[in-house]
2 protein chains.
Amino acid sequence: MEELDVFDLRLLAAIQAKGDMTQAELSEIVHLSPTQCARRLQRLRADGFVRDIVAILDPERLGINIIAHTLVGLRNHDDETGKAFRAFVDAADEVVECWSQTGDADYLLKIMVKDLGELASLIERLITAVGGFASLRSFVALKAIKRTTTVPIRA
Amino acid sequence: MEELDVFDLRLLAAIQAKGDMTQAELSEIVHLSPTQCARRLQRLRADGFVRDIVAILDPERLGINIIAHTLVGLRNHDDETGKAFRAFVDAADEVVECWSQTGDADYLLKIMVKDLGELASLIERLITAVGGFASLRSFVALKAIKRTTTVPIRA
DNA sequence: GGCGCCACGCAAGAAACATGCGCGAGCGGC
DNA sequence: GCCGCTCGCGCATGTTTCTTGCGTGGCGCC
């Protein structure tokens, strides 16, 4: 709950880069005994610094060839439209991240799909799903789709 | 190297959600013996399906209050400009992700900072760093900064 | 200067992991 | 149709890793 000292920061940095190290390995990095590494890590988790530990899968290896960032603007900003949109996002496995944002668009989606066909189909479904309540602002909002080539991610 | 069966997919999905489960826990999810879970996981890693295992830290807990997505357009697309930009991105800890993309902008950055002051300072540094070789297309390119409120991330 | 608190490292018990083995299903050859 | 091969499975054991209790030392406070 208190401040983090240099050991805590080193620990966090270490597990952020590689989350499956043994206490012995960690101890060499942070220069602390294995026991103490474990105890501090336990405390850091209890205090909520570590949200969770996950495996990062290789998209290409799984046939994911397109990673797109899509800006979405809703025409209506009523509850119904928002809920319909959120529900769609939650249900769609292809949508990996969903950020609410200010500016000329309402949401920024990060989408991972196998090919352009899947991307098109997803957009199609999005339009009909949300359009059931209120249509998207316009196709211009969807024109903002950017196909992206993946660049080494910095963490 | 071959195809993935239902057990492999379940395993990947499981560790993607929670990467620090014991073999016993995994075995209950995928309905396979602990030993076999370990063996398949080992194979999946050897075959490159699992890129790595990392800890996701809580941004708020670390004083990160702003997560911004910024579109950047470069005026010149020569090697020098690109390299300067890449170098800046690699050196800046605040830039968490960097995506090269097609469309009206060249790059999409995901930035995590403590406050608006840090964000402004980062942009300032970006301009001067890249501007040393070629100026950004215009301030319009930077006008595209969106302050975002974090929404539960779907994975 | 004495006392109490807290973080540290060590060591033993507990848990989880890795590996060798035998079994049985599926498949190809005879 | 039958035999034998191969491969994936689960069990059992040895080894590593993790957890927890304990004694020690530094540091601040009274």
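By convention in this document, chain letters (A, B, ...) are assigned in the order of the sequence lines, proteins followed by strands, and residues within each chain are numbered from 1. Being a predicted model, the structure only gives us computed values, none of them experimental.
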Return the value, rounded to whole Å, for the distance between atom [atom1] of [X] and atom [atom2] of [N].
| X | N | atom1 | atom2 | value |
| --- | --- | --- | --- | --- |
| B/Arg40 | D/dC7 | CZ | P | 15 Å |
| B/Gln36 | C/dG20 | CD | C1' | 14 Å |
| B/Glu25 | C/dA15 | CD | P | 14 Å |
| B/Glu28 | D/dG10 | CD | P | 14 Å |
| B/Asp20 | D/dT17 | CG | P | 18 Å |
| B/His31 | D/dG10 | NE2 | P | 12 Å |
| A/Asp5 | D/dG26 | CG | P | 19 Å |

Would you compute the distance between atom [atom1] of [X] and atom [atom2] of [Y] and round it to the nearest 0.5 angstrom?
| X | Y | atom1 | atom2 | value |
| --- | --- | --- | --- | --- |
| A/Gln16 | B/Leu57 | CD | CG | 4.5 Å |
| A/Glu97 | A/Trp99 | CD | CH2 | 5.5 Å |
| A/Arg10 | A/Asp5 | CZ | CG | 9.0 Å |

At under 4.0 Å, does any side-chain N or O of [X] touch on OP1 or OP2 of [N]?
| X | N | answer |
| --- | --- | --- |
| A/Gln23 | D/dT17 | no |
| B/Arg39 | C/dC17 | no |
| B/Gln42 | C/dC17 | no |

Measure from the side-chain heavy atoms of A/Leu32 and tell me the nearest of C/dC8, D/dC9, C/dA16.
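Closest nucleotide among those given: C/dC8.
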
May I have the step-by-step check of side chain to side chain contact (heavy atoms under 4.5 Å, CB included) for A/Phe49 and B/Asp58, ending in yes or no?
CA-CA 5 Å; A/Phe49 287 99; B/Asp58 188 330; 5.8 Å; no

Any base atoms under 4.0 Å from A/Thr35, or only sugar-phosphate, or nothing? Heavy atoms, all strands.
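Result for A/Thr35 = base.
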
